[in-house]
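Structure, as C-alpha coordinates:
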Amino acid sequence: MEKSIAIRALAVLFILAIIAACQEQKPVITFPPTDLAEVPMIPKPLKTIPTHTAFGLDSRTGIYTAETASGFKEVGQFLADKIKAKTQLRLSVNGGNEEVDRIIYINQSDSISLSSEEAYQLYITADSVIINAKTAEGAFRAVQTLRQVIPEESNDTLAPESIWPIPSGKIIDNPNMEYRGAMLDVARHFFSVEDVKKYIDLLAYYKFNVLHLHLTDDQGWRIEIKSWPRLTEVGGSTEVGGAEGGFYTQEDYTDIVNYAAKHFITIVPEVDMPGHTNAASVAYPILNGNGKVPQLYTGTRVGFSTFDANKDTVYSFIDDVVREISELTPGPYFHIGGDESHVTKKKDYILFVEKVEKIVQKHGKRMIGWDEITQANIGTNSIAQHWENPANGIAAAKNGSQIILSPAKKAYLDMQYDTLSKYGLHWAAYIPVDSAYIWTPETYLEGVSIDHILGIEAPLWSETISNIDELEYLAFPRVIGYSELGWSSEANRSWENYKVRLAKQAPFLDRMDVKYYPSKLIDWEKSKYTYEEIQKD
Ligand code: TNX
(Lines give C-alpha, C1' and ligand atoms only; values in the text may rest on other atoms or scores of the structure.)
Protein backbone atom coordinates (compact mmCIF):
# COMPACT_ATOMS: atom_id res chain seq x y z
CA MET A 1 0.00 0.00 0.00
CA GLU A 2 2.71 2.44 1.10
CA LYS A 3 4.73 1.48 -1.97
CA SER A 4 1.89 2.25 -4.34
CA ILE A 5 1.42 5.68 -2.68
CA ALA A 6 5.11 6.35 -3.20
CA ILE A 7 4.88 5.31 -6.85
CA ARG A 8 1.84 7.49 -7.34
CA ALA A 9 3.58 10.44 -5.68
CA LEU A 10 6.58 9.93 -7.97
CA ALA A 11 4.34 9.81 -11.00
CA VAL A 12 2.64 13.06 -9.96
CA LEU A 13 6.04 14.71 -9.44
CA PHE A 14 7.16 13.49 -12.84
CA ILE A 15 4.08 14.94 -14.52
CA LEU A 16 4.53 18.22 -12.66
CA ALA A 17 8.16 18.32 -13.80
CA ILE A 18 7.10 17.84 -17.41
CA ILE A 19 4.48 20.56 -17.06
CA ALA A 20 7.06 22.87 -15.50
CA ALA A 21 9.50 22.11 -18.33
CA CYS A 22 6.84 22.92 -20.92
CA GLN A 23 6.11 26.12 -19.12
CA GLU A 24 9.67 27.29 -19.62
CA GLN A 25 8.58 27.91 -23.20
CA LYS A 26 5.47 29.72 -24.38
CA PRO A 27 2.49 28.55 -22.40
CA VAL A 28 0.34 26.49 -24.73
CA ILE A 29 -3.33 27.10 -24.37
CA THR A 30 -5.13 23.81 -24.41
CA PHE A 31 -8.47 24.58 -22.86
CA PRO A 32 -11.44 25.05 -25.18
CA PRO A 33 -11.35 28.74 -26.06
CA THR A 34 -14.44 30.79 -25.90
CA ASP A 35 -16.02 31.86 -29.13
CA LEU A 36 -15.13 35.41 -30.22
CA ALA A 37 -18.68 35.85 -31.47
CA GLU A 38 -19.93 35.13 -27.94
CA VAL A 39 -17.87 37.84 -26.28
CA PRO A 40 -20.25 40.55 -25.05
CA MET A 41 -19.06 43.47 -27.18
CA ILE A 42 -21.06 46.71 -27.19
CA PRO A 43 -21.58 48.25 -29.68
CA LYS A 44 -21.77 45.08 -31.72
CA PRO A 45 -19.17 45.11 -34.51
CA LEU A 46 -20.16 44.92 -38.14
CA LYS A 47 -18.62 41.46 -38.66
CA THR A 48 -17.11 38.96 -36.24
CA ILE A 49 -15.58 35.76 -37.55
CA PRO A 50 -14.36 33.41 -34.79
CA THR A 51 -11.44 31.04 -35.42
CA HIS A 52 -11.68 29.09 -32.15
CA THR A 53 -8.22 29.36 -30.68
CA ALA A 54 -6.87 32.05 -28.36
CA PHE A 55 -4.19 34.69 -27.86
CA GLY A 56 -2.66 34.52 -24.40
CA LEU A 57 -2.23 38.01 -23.01
CA ASP A 58 0.50 37.96 -20.36
CA SER A 59 3.58 39.84 -19.24
CA ARG A 60 5.45 38.66 -22.32
CA THR A 61 3.11 40.50 -24.64
CA GLY A 62 4.49 43.68 -26.22
CA ILE A 63 2.59 46.48 -27.91
CA TYR A 64 4.00 47.90 -31.14
CA THR A 65 2.56 50.70 -33.23
CA ALA A 66 3.15 52.40 -36.56
CA GLU A 67 5.78 54.93 -35.57
CA THR A 68 5.50 57.59 -38.20
CA ALA A 69 1.70 57.77 -38.49
CA SER A 70 0.32 60.55 -36.34
CA GLY A 71 -1.24 59.56 -33.03
CA PHE A 72 -0.68 55.79 -33.25
CA LYS A 73 1.94 55.63 -30.53
CA GLU A 74 -0.38 57.51 -28.14
CA VAL A 75 -3.16 55.02 -28.91
CA GLY A 76 -0.69 52.21 -28.09
CA GLN A 77 0.14 53.88 -24.79
CA PHE A 78 -3.57 54.32 -24.03
CA LEU A 79 -4.03 50.58 -24.59
CA ALA A 80 -1.07 49.77 -22.33
CA ASP A 81 -2.56 51.97 -19.57
CA LYS A 82 -5.96 50.33 -19.83
CA ILE A 83 -4.46 46.82 -19.85
CA LYS A 84 -2.51 47.78 -16.73
CA ALA A 85 -5.69 48.99 -15.01
CA LYS A 86 -7.56 45.80 -15.89
CA THR A 87 -4.88 43.13 -15.44
CA GLN A 88 -1.95 44.80 -13.62
CA LEU A 89 0.26 43.79 -16.58
CA ARG A 90 2.78 46.45 -17.58
CA LEU A 91 3.22 46.04 -21.31
CA SER A 92 5.97 47.88 -23.15
CA VAL A 93 5.09 50.09 -26.11
CA ASN A 94 7.47 49.97 -29.09
CA GLY A 95 10.21 48.03 -27.34
CA GLY A 96 11.92 48.00 -23.98
CA ASN A 97 10.97 44.49 -22.90
CA GLU A 98 13.47 41.79 -24.03
CA GLU A 99 11.12 38.97 -23.03
CA VAL A 100 8.38 39.68 -25.54
CA ASP A 101 7.16 36.66 -27.41
CA ARG A 102 3.68 37.71 -28.48
CA ILE A 103 2.72 41.06 -29.94
CA ILE A 104 -0.16 43.45 -30.32
CA TYR A 105 0.54 45.54 -33.40
CA ILE A 106 -1.36 48.73 -34.16
CA ASN A 107 -0.81 49.32 -37.83
CA GLN A 108 -1.64 52.22 -40.12
CA SER A 109 -3.15 51.04 -43.41
CA ASP A 110 -4.70 52.86 -46.34
CA SER A 111 -6.55 49.77 -47.54
CA ILE A 112 -9.73 50.84 -49.33
CA SER A 113 -11.81 48.53 -47.21
CA LEU A 114 -11.17 50.99 -44.38
CA SER A 115 -13.55 53.52 -45.85
CA SER A 116 -14.30 55.77 -42.90
CA GLU A 117 -11.84 57.43 -40.56
CA GLU A 118 -13.18 55.31 -37.72
CA ALA A 119 -13.15 51.93 -39.51
CA TYR A 120 -10.78 49.22 -38.35
CA GLN A 121 -9.92 45.56 -38.63
CA LEU A 122 -8.86 43.50 -35.65
CA TYR A 123 -7.15 40.14 -36.26
CA ILE A 124 -6.54 37.93 -33.26
CA THR A 125 -4.45 34.77 -33.72
CA ALA A 126 -2.62 32.53 -31.23
CA ASP A 127 0.52 34.65 -31.35
CA SER A 128 -0.46 38.11 -32.48
CA VAL A 129 -3.17 40.72 -32.35
CA ILE A 130 -3.14 43.05 -35.32
CA ILE A 131 -5.15 46.22 -35.64
CA ASN A 132 -5.38 47.90 -39.03
CA ALA A 133 -6.76 51.40 -39.21
CA LYS A 134 -6.43 54.32 -41.57
CA THR A 135 -6.27 56.89 -38.78
CA ALA A 136 -5.41 57.02 -35.10
CA GLU A 137 -9.13 57.53 -34.52
CA GLY A 138 -9.90 54.17 -36.15
CA ALA A 139 -7.12 52.57 -34.12
CA PHE A 140 -8.60 54.07 -30.97
CA ARG A 141 -12.04 52.58 -31.72
CA ALA A 142 -10.33 49.21 -32.33
CA VAL A 143 -8.58 49.48 -28.99
CA GLN A 144 -11.98 49.79 -27.27
CA THR A 145 -13.03 46.52 -28.91
CA LEU A 146 -9.80 44.90 -27.79
CA ARG A 147 -10.37 46.12 -24.22
CA GLN A 148 -13.79 44.47 -24.33
CA VAL A 149 -12.49 41.09 -25.53
CA ILE A 150 -9.88 40.82 -22.78
CA PRO A 151 -11.56 38.76 -20.07
CA GLU A 152 -12.12 40.43 -16.69
CA GLU A 153 -10.52 37.45 -14.93
CA SER A 154 -7.22 35.76 -15.78
CA ASN A 155 -6.88 32.03 -16.15
CA ASP A 156 -4.30 31.04 -13.55
CA THR A 157 -4.33 27.30 -14.03
CA LEU A 158 -2.48 27.30 -17.33
CA ALA A 159 0.88 28.81 -16.69
CA PRO A 160 3.20 29.84 -13.88
CA GLU A 161 1.89 33.35 -14.26
CA SER A 162 -1.49 34.85 -14.96
CA ILE A 163 -2.70 34.78 -18.52
CA TRP A 164 -5.76 36.39 -20.09
CA PRO A 165 -6.95 34.26 -23.00
CA ILE A 166 -8.46 36.34 -25.81
CA PRO A 167 -10.61 34.31 -28.21
CA SER A 168 -9.22 34.48 -31.73
CA GLY A 169 -10.85 35.60 -34.93
CA LYS A 170 -11.38 38.56 -37.15
CA ILE A 171 -13.43 41.68 -36.55
CA ILE A 172 -14.28 44.08 -39.35
CA ASP A 173 -15.93 47.21 -38.09
CA ASN A 174 -17.25 50.55 -39.21
CA PRO A 175 -19.72 52.96 -37.59
CA ASN A 176 -23.27 53.19 -38.83
CA MET A 177 -23.52 56.90 -37.98
CA GLU A 178 -20.99 59.68 -38.09
CA TYR A 179 -22.20 61.54 -34.97
CA ARG A 180 -22.68 59.49 -31.81
CA GLY A 181 -23.21 61.86 -28.94
CA ALA A 182 -24.13 62.29 -25.33
CA MET A 183 -25.13 65.63 -23.83
CA LEU A 184 -24.60 66.79 -20.28
CA ASP A 185 -26.45 69.76 -18.79
CA VAL A 186 -23.91 71.42 -16.49
CA ALA A 187 -26.11 74.52 -16.17
CA ARG A 188 -29.05 73.33 -14.03
CA HIS A 189 -26.54 71.68 -11.73
CA PHE A 190 -22.83 72.13 -12.13
CA PHE A 191 -20.57 69.10 -12.60
CA SER A 192 -16.84 69.23 -11.90
CA VAL A 193 -14.08 68.70 -14.47
CA GLU A 194 -13.36 65.39 -12.75
CA ASP A 195 -16.99 64.23 -13.15
CA VAL A 196 -16.96 65.16 -16.83
CA LYS A 197 -13.71 63.24 -17.32
CA LYS A 198 -15.18 60.13 -15.76
CA TYR A 199 -18.16 60.39 -18.10
CA ILE A 200 -15.74 60.77 -21.03
CA ASP A 201 -13.85 57.61 -19.96
CA LEU A 202 -17.07 55.63 -20.02
CA LEU A 203 -18.41 57.12 -23.25
CA ALA A 204 -15.12 56.39 -25.03
CA TYR A 205 -15.28 52.72 -24.03
CA TYR A 206 -18.57 52.46 -25.90
CA LYS A 207 -17.25 54.36 -28.96
CA PHE A 208 -19.13 57.63 -28.54
CA ASN A 209 -17.40 60.41 -30.44
CA VAL A 210 -19.21 63.55 -29.24
CA LEU A 211 -19.87 65.11 -25.85
CA HIS A 212 -22.19 68.10 -26.05
CA LEU A 213 -21.98 70.38 -23.02
CA HIS A 214 -25.06 72.47 -22.27
CA LEU A 215 -23.07 75.31 -20.73
CA THR A 216 -25.68 77.97 -20.05
CA ASP A 217 -29.28 78.18 -18.95
CA ASP A 218 -31.64 80.24 -16.77
CA GLN A 219 -30.08 78.87 -13.59
CA GLY A 220 -26.41 79.25 -14.42
CA TRP A 221 -23.69 80.36 -16.81
CA ARG A 222 -20.83 77.86 -16.58
CA ILE A 223 -18.04 79.02 -18.86
CA GLU A 224 -15.69 81.92 -18.28
CA ILE A 225 -15.88 84.62 -20.95
CA LYS A 226 -12.99 87.02 -20.41
CA SER A 227 -14.67 89.97 -22.12
CA TRP A 228 -17.86 89.61 -20.04
CA PRO A 229 -16.63 88.49 -16.58
CA ARG A 230 -19.92 88.92 -14.70
CA LEU A 231 -21.40 86.00 -16.66
CA THR A 232 -19.63 83.59 -14.36
CA GLU A 233 -19.06 85.88 -11.35
CA VAL A 234 -22.79 86.51 -11.06
CA GLY A 235 -24.43 84.12 -13.51
CA GLY A 236 -22.41 81.13 -12.30
CA SER A 237 -23.06 81.69 -8.63
CA THR A 238 -25.99 79.39 -8.10
CA GLU A 239 -27.91 76.39 -9.49
CA VAL A 240 -31.22 74.55 -9.20
CA GLY A 241 -32.11 74.21 -5.53
CA GLY A 242 -30.01 77.25 -4.53
CA ALA A 243 -26.61 75.63 -3.94
CA GLU A 244 -23.39 77.32 -4.93
CA GLY A 245 -23.21 76.50 -8.64
CA GLY A 246 -19.81 76.92 -10.24
CA PHE A 247 -18.20 77.36 -13.62
CA TYR A 248 -15.31 76.25 -15.80
CA THR A 249 -12.45 78.68 -16.20
CA GLN A 250 -11.14 78.76 -19.76
CA GLU A 251 -8.28 76.55 -18.54
CA ASP A 252 -10.77 74.04 -17.11
CA TYR A 253 -12.69 73.99 -20.38
CA THR A 254 -9.47 73.47 -22.34
CA ASP A 255 -8.56 70.66 -19.98
CA ILE A 256 -11.89 68.96 -20.79
CA VAL A 257 -11.46 69.58 -24.53
CA ASN A 258 -7.94 68.06 -24.47
CA TYR A 259 -9.00 65.11 -22.37
CA ALA A 260 -11.89 64.45 -24.75
CA ALA A 261 -9.54 64.74 -27.75
CA LYS A 262 -7.28 62.05 -26.27
CA HIS A 263 -10.39 59.86 -26.27
CA PHE A 264 -11.30 60.93 -29.82
CA ILE A 265 -14.37 62.70 -28.51
CA THR A 266 -15.34 66.09 -29.90
CA ILE A 267 -16.72 68.64 -27.47
CA VAL A 268 -19.76 70.55 -28.73
CA PRO A 269 -20.26 73.71 -26.65
CA GLU A 270 -23.81 75.00 -26.29
CA VAL A 271 -24.78 78.52 -25.35
CA ASP A 272 -28.56 78.37 -25.22
CA MET A 273 -30.31 81.48 -26.62
CA PRO A 274 -32.43 83.57 -27.11
CA GLY A 275 -34.45 81.80 -24.38
CA HIS A 276 -32.92 80.02 -21.37
CA THR A 277 -30.84 83.15 -20.79
CA ASN A 278 -31.89 84.38 -17.36
CA ALA A 279 -28.44 83.88 -15.79
CA ALA A 280 -26.77 85.97 -18.53
CA SER A 281 -29.40 88.70 -18.20
CA VAL A 282 -28.93 88.90 -14.42
CA ALA A 283 -25.22 89.43 -15.04
CA TYR A 284 -25.83 92.00 -17.81
CA PRO A 285 -29.43 93.34 -17.71
CA ILE A 286 -28.84 95.17 -20.99
CA LEU A 287 -29.23 91.81 -22.76
CA ASN A 288 -32.67 91.18 -21.35
CA GLY A 289 -35.73 91.26 -23.58
CA ASN A 290 -38.61 90.07 -21.39
CA GLY A 291 -39.37 93.48 -19.89
CA LYS A 292 -38.77 92.40 -16.30
CA VAL A 293 -35.92 92.94 -13.86
CA PRO A 294 -33.99 89.67 -13.99
CA GLN A 295 -33.24 87.89 -10.70
CA LEU A 296 -31.12 84.81 -10.05
CA TYR A 297 -33.33 81.78 -10.55
CA THR A 298 -33.01 78.38 -8.86
CA GLY A 299 -36.29 76.72 -9.88
CA THR A 300 -36.98 74.46 -12.86
CA ARG A 301 -39.51 76.33 -14.97
CA VAL A 302 -38.59 76.94 -18.62
CA GLY A 303 -39.55 79.47 -21.26
CA PHE A 304 -39.67 82.75 -19.29
CA SER A 305 -36.44 84.42 -20.39
CA THR A 306 -35.24 85.94 -23.64
CA PHE A 307 -32.50 88.12 -25.03
CA ASP A 308 -33.58 91.30 -26.77
CA ALA A 309 -33.33 90.33 -30.45
CA ASN A 310 -33.45 93.96 -31.58
CA LYS A 311 -30.40 95.36 -29.83
CA ASP A 312 -26.94 95.64 -31.42
CA THR A 313 -25.30 95.14 -28.01
CA VAL A 314 -26.85 91.69 -27.85
CA TYR A 315 -25.16 90.68 -31.09
CA SER A 316 -21.78 92.14 -30.12
CA PHE A 317 -22.08 90.22 -26.87
CA ILE A 318 -22.85 87.02 -28.80
CA ASP A 319 -19.97 87.70 -31.15
CA ASP A 320 -17.57 87.88 -28.17
CA VAL A 321 -18.98 84.72 -26.58
CA VAL A 322 -18.90 82.69 -29.79
CA ARG A 323 -15.41 83.96 -30.59
CA GLU A 324 -13.93 83.15 -27.18
CA ILE A 325 -15.47 79.69 -26.99
CA SER A 326 -14.69 78.86 -30.63
CA GLU A 327 -11.04 79.75 -30.09
CA LEU A 328 -10.90 77.12 -27.33
CA THR A 329 -12.85 74.49 -29.28
CA PRO A 330 -11.12 72.49 -32.01
CA GLY A 331 -14.31 70.64 -33.08
CA PRO A 332 -16.38 71.88 -36.03
CA TYR A 333 -19.65 72.60 -34.18
CA PHE A 334 -21.20 75.40 -32.11
CA HIS A 335 -24.64 74.78 -30.58
CA ILE A 336 -26.84 77.84 -30.16
CA GLY A 337 -29.72 76.15 -28.30
CA GLY A 338 -32.78 77.95 -29.64
CA ASP A 339 -35.35 75.85 -27.74
CA GLU A 340 -38.42 76.91 -25.80
CA SER A 341 -38.13 80.64 -26.48
CA HIS A 342 -41.73 81.09 -25.42
CA VAL A 343 -41.47 84.81 -24.64
CA THR A 344 -39.61 85.79 -27.82
CA LYS A 345 -41.90 87.08 -30.58
CA LYS A 346 -41.78 84.74 -33.56
CA LYS A 347 -40.41 87.40 -35.91
CA ASP A 348 -37.71 88.30 -33.39
CA TYR A 349 -36.83 84.64 -32.92
CA ILE A 350 -36.36 84.18 -36.66
CA LEU A 351 -34.28 87.34 -36.97
CA PHE A 352 -32.18 86.23 -34.01
CA VAL A 353 -31.43 82.72 -35.28
CA GLU A 354 -30.50 84.00 -38.73
CA LYS A 355 -28.13 86.63 -37.29
CA VAL A 356 -26.53 84.23 -34.83
CA GLU A 357 -26.01 81.64 -37.58
CA LYS A 358 -23.86 84.23 -39.41
CA ILE A 359 -21.84 84.89 -36.25
CA VAL A 360 -21.21 81.18 -35.73
CA GLN A 361 -20.10 80.80 -39.34
CA LYS A 362 -17.88 83.86 -39.11
CA HIS A 363 -15.99 82.11 -36.31
CA GLY A 364 -15.50 79.02 -38.46
CA LYS A 365 -18.08 76.76 -36.90
CA ARG A 366 -21.08 74.82 -38.09
CA MET A 367 -24.27 75.76 -36.25
CA ILE A 368 -26.41 73.23 -34.41
CA GLY A 369 -29.70 74.20 -32.79
CA TRP A 370 -32.68 72.44 -31.20
CA ASP A 371 -35.39 71.67 -33.74
CA GLU A 372 -37.26 74.99 -33.31
CA ILE A 373 -34.50 76.71 -35.31
CA THR A 374 -36.07 75.34 -38.49
CA GLN A 375 -38.65 78.14 -38.19
CA ALA A 376 -35.86 80.40 -39.41
CA ASN A 377 -34.34 80.23 -42.84
CA ILE A 378 -31.18 78.38 -41.86
CA GLY A 379 -28.45 77.32 -44.26
CA THR A 380 -28.08 73.73 -45.38
CA ASN A 381 -24.79 73.47 -43.53
CA SER A 382 -26.54 74.06 -40.20
CA ILE A 383 -27.89 71.14 -38.23
CA ALA A 384 -31.21 70.71 -36.44
CA GLN A 385 -31.33 68.55 -33.34
CA HIS A 386 -34.71 66.89 -33.21
CA TRP A 387 -36.04 66.59 -29.66
CA GLU A 388 -39.76 67.24 -29.64
CA ASN A 389 -41.64 68.25 -32.74
CA PRO A 390 -41.19 65.75 -35.61
CA ALA A 391 -42.50 68.36 -38.06
CA ASN A 392 -39.48 70.55 -37.30
CA GLY A 393 -37.07 67.70 -37.94
CA ILE A 394 -38.83 66.77 -41.16
CA ALA A 395 -38.81 70.41 -42.32
CA ALA A 396 -35.09 70.65 -41.63
CA ALA A 397 -34.38 67.63 -43.82
CA LYS A 398 -36.60 69.05 -46.60
CA ASN A 399 -34.59 72.23 -46.36
CA GLY A 400 -31.43 70.20 -46.98
CA SER A 401 -30.05 70.29 -43.43
CA GLN A 402 -28.76 67.34 -41.53
CA ILE A 403 -30.44 66.16 -38.36
CA ILE A 404 -29.29 64.83 -35.03
CA LEU A 405 -31.88 62.56 -33.47
CA SER A 406 -32.64 63.05 -29.78
CA PRO A 407 -36.37 62.32 -29.53
CA ALA A 408 -37.26 63.00 -25.90
CA LYS A 409 -39.52 59.97 -25.54
CA LYS A 410 -36.76 57.61 -26.64
CA ALA A 411 -33.40 59.25 -26.10
CA TYR A 412 -33.69 61.54 -23.07
CA LEU A 413 -31.51 60.21 -20.29
CA ASP A 414 -33.29 62.43 -17.76
CA MET A 415 -36.59 60.60 -18.25
CA GLN A 416 -37.41 58.26 -15.37
CA TYR A 417 -37.17 54.51 -15.91
CA ASP A 418 -40.56 54.02 -14.27
CA THR A 419 -42.71 55.42 -11.47
CA LEU A 420 -40.24 54.19 -8.84
CA SER A 421 -37.23 56.06 -10.25
CA LYS A 422 -35.40 58.19 -7.69
CA TYR A 423 -34.35 60.90 -10.15
CA GLY A 424 -35.55 62.23 -13.43
CA LEU A 425 -38.67 63.70 -15.00
CA HIS A 426 -41.40 62.05 -17.05
CA TRP A 427 -42.94 64.78 -19.15
CA ALA A 428 -42.04 62.94 -22.39
CA ALA A 429 -42.27 59.33 -21.22
CA TYR A 430 -41.04 56.76 -18.76
CA ILE A 431 -38.12 55.14 -20.54
CA PRO A 432 -37.25 51.70 -19.21
CA VAL A 433 -34.01 50.12 -20.47
CA ASP A 434 -35.73 48.12 -23.22
CA SER A 435 -37.73 51.05 -24.58
CA ALA A 436 -34.56 53.18 -24.75
CA TYR A 437 -33.02 50.57 -27.06
CA ILE A 438 -36.01 49.43 -29.09
CA TRP A 439 -36.43 52.04 -31.82
CA THR A 440 -34.90 52.64 -35.19
CA PRO A 441 -33.17 56.00 -35.66
CA GLU A 442 -32.76 55.29 -39.38
CA THR A 443 -36.51 55.48 -39.99
CA TYR A 444 -37.67 57.45 -36.94
CA LEU A 445 -38.74 60.60 -38.79
CA GLU A 446 -41.15 59.88 -41.57
CA GLY A 447 -39.81 60.64 -44.99
CA VAL A 448 -36.37 61.61 -43.73
CA SER A 449 -33.76 59.54 -45.50
CA ILE A 450 -30.62 58.25 -43.87
CA ASP A 451 -28.38 60.74 -45.72
CA HIS A 452 -30.04 63.52 -43.75
CA ILE A 453 -29.32 61.85 -40.43
CA LEU A 454 -25.95 62.89 -39.04
CA GLY A 455 -26.39 60.73 -35.98
CA ILE A 456 -27.97 60.38 -32.59
CA GLU A 457 -27.44 62.01 -29.23
CA ALA A 458 -28.67 61.19 -25.74
CA PRO A 459 -29.17 64.36 -23.64
CA LEU A 460 -28.96 64.29 -19.86
CA TRP A 461 -30.71 67.31 -18.37
CA SER A 462 -29.79 67.94 -14.77
CA GLU A 463 -32.77 69.51 -13.01
CA THR A 464 -33.04 66.45 -10.71
CA ILE A 465 -29.41 65.32 -10.43
CA SER A 466 -26.54 67.09 -8.72
CA ASN A 467 -23.64 64.66 -8.39
CA ILE A 468 -21.89 61.88 -10.29
CA ASP A 469 -23.76 59.03 -8.58
CA GLU A 470 -27.08 60.54 -9.61
CA LEU A 471 -25.75 61.18 -13.12
CA GLU A 472 -24.74 57.53 -13.37
CA TYR A 473 -28.12 56.35 -12.11
CA LEU A 474 -29.86 58.00 -15.05
CA ALA A 475 -27.18 57.51 -17.72
CA PHE A 476 -26.26 53.89 -17.04
CA PRO A 477 -27.18 51.51 -18.41
CA ARG A 478 -29.32 53.36 -21.00
CA VAL A 479 -26.48 55.33 -22.59
CA ILE A 480 -24.78 52.04 -23.48
CA GLY A 481 -27.76 51.16 -25.66
CA TYR A 482 -27.52 54.47 -27.53
CA SER A 483 -23.91 53.65 -28.37
CA GLU A 484 -25.15 50.56 -30.20
CA LEU A 485 -27.97 52.47 -31.95
CA GLY A 486 -25.38 54.91 -33.28
CA TRP A 487 -22.56 52.53 -34.15
CA SER A 488 -24.05 49.17 -35.12
CA SER A 489 -25.92 48.41 -38.31
CA GLU A 490 -29.66 47.87 -38.03
CA ALA A 491 -29.23 44.20 -39.00
CA ASN A 492 -26.88 43.73 -36.03
CA ARG A 493 -29.26 45.12 -33.43
CA SER A 494 -31.69 43.02 -31.44
CA TRP A 495 -32.94 43.57 -27.92
CA GLU A 496 -32.83 39.86 -27.05
CA ASN A 497 -29.18 39.65 -28.04
CA TYR A 498 -28.25 43.07 -26.64
CA LYS A 499 -29.71 42.46 -23.19
CA VAL A 500 -27.46 39.42 -22.69
CA ARG A 501 -24.38 41.45 -23.65
CA LEU A 502 -25.54 44.31 -21.42
CA ALA A 503 -25.87 41.96 -18.44
CA LYS A 504 -22.18 41.14 -18.88
CA GLN A 505 -21.10 44.79 -18.61
CA ALA A 506 -21.63 44.60 -14.84
CA PRO A 507 -18.04 43.61 -13.92
CA PHE A 508 -16.65 46.47 -16.02
CA LEU A 509 -19.10 49.02 -14.60
CA ASP A 510 -18.33 47.80 -11.08
CA ARG A 511 -14.60 48.06 -11.68
CA MET A 512 -15.09 51.60 -12.98
CA ASP A 513 -17.14 52.35 -9.87
CA VAL A 514 -20.25 53.27 -11.83
CA LYS A 515 -23.41 53.33 -9.75
CA TYR A 516 -25.64 52.20 -12.59
CA TYR A 517 -29.33 51.50 -12.22
CA PRO A 518 -29.55 47.68 -12.03
CA SER A 519 -32.80 47.43 -13.94
CA LYS A 520 -34.76 44.26 -13.24
CA LEU A 521 -35.22 43.77 -16.97
CA ILE A 522 -31.60 42.64 -17.12
CA ASP A 523 -30.20 39.45 -15.65
CA TRP A 524 -26.98 41.14 -14.44
CA GLU A 525 -23.97 38.87 -14.41
CA LYS A 526 -22.80 40.03 -11.02
CA SER A 527 -23.32 43.38 -9.53
CA LYS A 528 -21.77 45.28 -6.68
CA TYR A 529 -25.14 46.76 -5.74
CA THR A 530 -28.56 45.16 -5.78
CA TYR A 531 -31.63 46.90 -7.16
CA GLU A 532 -32.88 47.35 -3.61
CA GLU A 533 -29.64 48.97 -2.43
CA ILE A 534 -29.57 51.40 -5.32
CA GLN A 535 -33.22 52.31 -4.87
CA LYS A 536 -33.06 53.08 -1.17
CA ASP A 537 -32.41 56.71 -0.16
C1 TNX B 1 -36.78 70.35 -22.35
S2 TNX B 1 -35.03 69.55 -24.52
C3 TNX B 1 -35.70 71.21 -22.50
C4 TNX B 1 -34.78 71.41 -21.38
C5 TNX B 1 -35.21 70.66 -20.16
C6 TNX B 1 -35.69 69.30 -20.55
C7 TNX B 1 -36.04 68.43 -19.40
C8 TNX B 1 -34.89 70.99 -24.68
C9 TNX B 1 -34.29 71.38 -25.92
N10 TNX B 1 -35.34 71.77 -23.70
O11 TNX B 1 -34.66 72.78 -21.12
O12 TNX B 1 -34.13 70.57 -19.30
O13 TNX B 1 -36.82 69.44 -21.37
O14 TNX B 1 -36.33 67.14 -19.80
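We count ligands from 1, going down the list as the structure has it; atoms in each ligand are counted the same way. Small disclaimer: the values here were computed from a predicted structure and weren't measured. Hydrogens, waters and symmetry mates are skipped; everything else that's a heavy atom, side chains included, is used.
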Report summary line: Contact region, L425 to ligand 1, non-hydrogen atoms below 4.0 Å, reads side chain
Query raised in the report: Does one side chain, of Y206 or Q505, offer a donor that lies under 3.5 Å from an acceptor on the other?
Result: yes
Requested in this report: For D272, enumerate each residue passing the side-chain hydrogen bond (donor to acceptor under 3.5 Å, both in side chains) test, keeping only those at least two apart in sequence or located in another chain.
Outcome: none
Report summary line: One finds that the ligand 1 atoms under 4.0 Å from a non-hydrogen atom of M415 are 14 (O)
Report task. Compute whether any side-chain donor of one residue and acceptor of the other, for E442 and N176, lie under 3.5 angstrom apart. Result -> yes
Report task. Identify the protein heavy atom lying closest to atom 8 (C) of ligand 1, giving its residue, its atom name and the separation to 0.1 Å. Result -> D339 OD2, 3.3 Å
Query raised in the report: Is it true that Q385 lies under 4.0 Å from ligand 1, counting heavy atoms only?
Result: no
Requested in this report: Number the atoms of ligand 1 from 1 as they appear, then name those within less than 4.0 Å of a heavy atom of D414, with their elements.
Outcome: 7 (C), 14 (O)
Requested in this report: Can you sort out which atoms of ligand 1 are near E463, meaning under 4.0 Å from one of its heavy atoms?
Outcome: 5 (C), 7 (C), 12 (O)
Query raised in the report: In terms of atom number and element, which parts of ligand 1 are under 4.0 angstrom from non-hydrogen atoms of E340?
Result: 1 (C), 3 (C), 4 (C), 10 (N), 11 (O)
Requested in this report: Under 4.0 Å from a heavy atom of W370: give me the atoms of ligand 1 that qualify, with their elements.
Outcome: 9 (C)
Report summary line: atom 2 (S) of ligand 1 has as its nearest protein heavy atom Y412 OH, 2.4 Å
Query raised in the report: Do the rings of W228 and Y284 sit parallel, tilted or perpendicular, given the 30° and 60° boundaries?
Result: perpendicular
Query raised in the report: Has ligand 1 got any nitrogen or oxygen that is less than 3.5 angstrom from a nitrogen or oxygen of D185?
Result: no
**Report entry** Contacts of type salt bridge (Lys or Arg N to Asp or Glu O under 4.0 Å), residue R230, not counting sequence neighbours
**Finding:** none
Query raised in the report: If you measure only the distance, is there a donor-acceptor pair under 3.5 Å linking the side chains of W387 and D339?
Result: no
**Report entry** Y529 six-ring face occupied by K515 cation (under 6.0 Å, within 45°)
**Finding:** yes
Query - N or O contact, D217 vs ligand 1, cut-off under 3.5 Å - result: no
Query raised in the report: Is the charged tip of R478 near the ring of Y417: under 6.0 Å from the six-membered ring centre and within 45° of its axis?
Result: yes
Query raised in the report: Under 4.0 Å from ligand 1, counting heavy atoms only, is it the side chain of R188, its backbone, both or neither?
Result: side chain
Query raised in the report: Near H276, which atoms of ligand 1 are under 4.0 Å from a heavy atom of that residue?
Result: 11 (O)
Requested in this report: Give a yes-or-no answer on whether the side chains of D173 and Y120 include a donor-acceptor pair shorter than 3.5 Å.
Outcome: yes
